[in-house]
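All remarks here apply to the structure that follows.
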Amino acid sequence: MDMGWLKNSKKGKFACLAGVSILIYSILVFIIFGFSNGSSFWISYVFAKISFLLSYMVAYFSVNSAKRLTDWIFSLPVMRWCVIYVAVELIIATVFMIINTSWKIAFIPQFLIPIFFLVLVVPCFAQKSHAKSLSQETVVKVSVIRQMNAKLIALIPRIEDTSLKREVEKAAEMLRHSDPMSADCLLELEQKLSDVIDQTDKYVRENNYEKAAPLAREICLLIEERNQLVIASKLIQY
């Protein structure tokens with residue numbers, strides 16, 4: 001069964017809403033003003049339709065990226081700026097339709113209004129995209145330490161040697177309280193730490209506790225070294 005229409009339903013709703021709005025506006029305009037009009041009328045009519053399309057596009061992308069209209073610009077949500085833009089354009093367009101002035105006088109202000117609107121909203125989406133990228137990067141960096149900690153915790157029940165189990169529990173506790181945020185300067189050390197944990201896990205599964213014991217102590221030393229590097233890197237940043 002083709003479910004593609006579900007994926008595109010949001011886009012379809014916005015397209016239908018924009019189409020219906022423009023149709024209703026066009027019918028009202030031609031009922032009131034008729035078809036025999038000057039250049040300022042047609043310029044205003046075109047810019048009015050552009051305001052509908054542009055505002056619906058901005059609203060769509062805001063919903064599509066945030067699941068709700070929560071982007072704020074100068075203490076007002078994006079959706080309200082869309083409404084303000086359309087309202088201002090319709091008022092100005094109506095004025096130029098009534099006075100029927102030269103096309104230059106009608107064109108210039110209505111050309112500047114959408115530009116001003118885009119100058120307001122485009123940085124908002126750019127900032128959101130950057131924030132989303134940082135959030136995804138943070139999740140990846142944090143997951144590295146959490147995965148290693150999960151490996152150590154899963155290893156503990158397999159260990160029958162008391163002293164080795166105590167050492168691995170200590171390492172797991174140290175890693176649990178360690179700063180989970182990774183950094184470029186920690187990559188080599190974290191890779192080494194991951195390799196030692198994997199090697200320890202291998203020896204534990206083979207019941208070779210004699211070889212696993214020094215590796216467990218090395219894990220603790222590597223975690224301590226990493227903690228010191230994390231502190232030093234934060235001090236350098238500030």
Side-chain angles (χ1 to χ4, degrees), residues 1-140:
M1 182 178 178
D2 185 14
M3 301 297 288
W5 66 274
L6 284 174
K7 296 179 181 179
N8 298 321
S9 60
K10 189 187 299 180
K11 186 184 295 184
K13 288 177 182 177
F14 273 85
C16 289
L17 193 57
V20 170
S21 300
I22 292 173
L23 179 62
I24 293 173
Y25 175 76
S26 299
I27 292 172
L28 291 174
V29 165
F30 290 124
I31 288 175
I32 296 171
F33 295 97
F35 292 91
S36 300
N37 299 284
S39 58
S40 67
F41 170 87
W42 293 107
I43 288 172
S44 301
Y45 175 68
V46 169
F47 274 110
K49 293 202 297 184
I50 290 173
S51 71
F52 281 112
L53 292 173
L54 196 56
S55 61
Y56 280 121
M57 284 177 60
V58 169
Y60 168 74
F61 284 116
S62 182
V63 173
N64 194 48
S65 57
K67 307 302 179 186
R68 58 187 184 278
L69 293 172
T70 54
D71 302 295
W72 290 67
I73 306 170
F74 296 125
S75 301
L76 290 177
V78 166
M79 188 61 181
R80 191 167 298 178
W81 281 107
C82 292
V83 174
I84 292 172
Y85 163 52
V86 173
V88 170
E89 171 54 40
L90 291 182
I91 291 171
I92 294 176
T94 303
V95 170
F96 285 122
M97 287 177 182
I98 294 172
I99 64 176
N100 195 22
T101 185
S102 69
W103 73 269
K104 291 181 180 179
I105 296 176
F107 178 83
I108 293 173
Q110 294 184 94
F111 176 74
L112 294 176
I113 291 171
I115 292 178
F116 177 74
F117 175 66
L118 290 175
V119 167
L120 279 176
V121 299
V122 169
C124 175
F125 290 110
Q127 184 178 10
K128 178 194 289 186
S129 176
H130 179 63
K132 185 177 180 181
S133 176
L134 288 177
S135 177
Q136 292 174 342
E137 184 179 346
T138 300
V139 169
V140 172

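- Taking each heavy atom of S55 and V86 in turn, the nearest pair found is OG-CG2, 3.3 Å.
- Residues F52 and L90 meet the side-chain proximity criterion, which asks for heavy atoms closer than 4.5 Å.
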(message) Assess the residue pair Y56 and C82 against the criterion (side-chain contact (heavy atoms from CB on, under 4.5 Å)); give the C-alpha distance rounded to whole Å, side-chain angles, the decisive distance to 0.1 Å, and a yes or no.
(response) CA-CA 8 Å; Y56 280 121; C82 292; over 6 Å; no
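- Between F30 and W42, the angle of the ring planes lies from 30° to 60°, which puts this pair in the tilted group.
- Closest heavy-atom contact between T101 and I105: OG1-CD1, 3.5 Å.
- Nearest heavy-atom pair, A48 versus E89, reported as atom, atom and distance to 0.1 Å: N-OE2, 3.6 Å.
- The distance from atom CG of N100 to atom CZ of F41, rounded to the nearest 0.5 Å, is 9.5 Å.
- Between L54 and P114, the shortest heavy-atom distance links the atoms CD2-CB, 4.0 Å.
- With rounding to the nearest 0.5 angstrom, the OG atom of S51 is 9.0 Å from the CD atom of Q110.
- Contact between N37 and G34 at its shortest, heavy atoms only, is ND2-O, 2.9 Å.
- Here F47 and F107 bring their ring centres to under 6.0 angstrom of each other.
- Atom CD1 of I108 sits about 10.0 Å away from atom CD1 of I43, to the nearest 0.5 Å.
- Counting all heavy atoms, side chain and backbone alike, A93 lies closest to Y25 at CB-OH, 4.4 Å.
- Checking side-chain atoms of S40 against main-chain N and O of F96 turns up a donor-acceptor pair under 3.5 Å.
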